[in-house]
Amino acid sequence: MVELQRNLETLNRNGIRAFAISPDSQAVLRKFAQKYEITYPLLSDEGSHVIRAFGILNTNIPEDHEWYGVPYPGVYAVGRDGRVFDKSFIANHRIRESVNDLLQGSFRVADLERGEAQVVTTPHLAARAYFASPTIRKGQLTTLTVDISLADGLHIYGRPLPEGHIPVELTLDENEALSLSQVVYPEPEGVEVEALGERLPAYTGRLAIRAQCLGGSRDGEGNIQVAARLRYQACDDRECFLPETLTFILPLHFLPHDWELIT
Amino acid sequence: MASKSIQEDPTGENFPTGPAIGELAPDFTLPDQFGRLIRFSATRGADRALIIFYRSASW
């Protein structure tokens, strides 16, 4: 919620209105809003009527429990026509999507505050790596993007690949601040390899690799550096060059543990 | 992002995620932290919206 407040100007600039709904009383919300200087509407759904209207009341909680009335936490992106065009519900309550990922992924907002980018250039390609947000906290998801622009006439390999070839691969060095949960490679095209007389999945021109990362269990706030590595082997239509591993050192600010304030 | 109305969590249990993509979001009128009554549909047509459901601001 605090992170959303920090991004409020971006939302306004992009014509996006934010509404946050919980079964809290107005008094609780007033106190919370004062403490964290939240100016977008924190709506009080005491009695959970709206939560029920959306059909997301958590019915695993017994009616006599003090938590009864809470929703399954999630986010809807709603268009000007009032229709839902995207939504995100994550079963694990300890994992949240970052605001930046939401705005970038669902609303295609481009002018976001991102992590500092690092560009590495080799004779084969230029690669630019950055995190979706300059901050991360435990249990929060963020996206690491690597934009790659290949030199003319060169290709790098995708998957699946016969043995002996090296597909492009993005990894993170182990660290206490965040871990890689899933890497999404774009769909490769087929490139004819004359020497082999076969077509192999490969990339030419431009591509973007996106890795979903999960904030880890680092103790306390602080600035950290995360090493991401991109391994590839570039080839032209006659020969392949030696495999390369590029290293990106990316700064992130680790924020303190703060479950309910994440979205 | 999910496009289904029911999502499976890692324990294999299903839980509802409300209106499906393409469906109308239910309208609502609720008081905010300043005591103002906010009607969701009042912004329809002009702005897109981000609706966040969370459990509580107090824990």
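Chain letters run A, B, ... following the sequence lines, proteins first, then strands; residues in each count from 1.
The minimum heavy-atom distance between B:A57 and A:D24, with the atom names listed, is N-OD2, 2.6 Å. Shortest non-hydrogen contact noted between B:G18 and A:I56 is N-CG2, 3.5 Å. Across all their heavy atoms, B:R48 and A:N14 have their closest contact at NH2-O, 3.5 Å.
Within the 4.5 angstrom heavy-atom criterion, atoms from both the backbone and the side chain of A:D45 approach chain B. Using a 4.5 Å cut-off between heavy atoms, A:L11 contacts chain B through its side chain alone, with no backbone atom that close.
Atom OH in A:Y40 sits 9.0 Å away from atom CG in B:L50 (nearest 0.5 Å).
Here the side chains of B:F40 and A:L43 are not in contact, with every heavy-atom distance at 4.5 Å or above.
The environment of A:E116 atom CD is sparse: at most 12 non-hydrogen atoms of other residues, nucleotides or ligands sit within 6.0 angstrom. By the neighbour-count criterion of 12 heavy atoms within 6.0 Å, atom CD of A:E221 is densely surrounded, having more than that number from other residues, nucleotides or ligands.
In this pair, B:F28 and A:F19 present their aromatic rings perpendicular. The plane angle is above 60°, beyond the 30 to 60° band.
Your options are A:V50, A:I51, A:L29, A:L57, and the one with the most heavy-atom pairs under 4.5 Å with chain B is A:V50. Your options are A:D81, A:T59, A:T39, A:L103, and the one with the most heavy-atom pairs under 4.5 Å with chain B is A:T39. The residue among B:L30, B:I38, B:L37 with the most heavy atom pairs within less than 4.5 Å of chain A is B:L30.
Between the side chain of A:R17 and the backbone N or O of B:A49, no donor-acceptor pair lies under 3.5 Å. The main-chain N or O of A:S44 is never found under 3.5 Å from a side-chain atom of B:Q33 such that the two would form a donor-acceptor pair.
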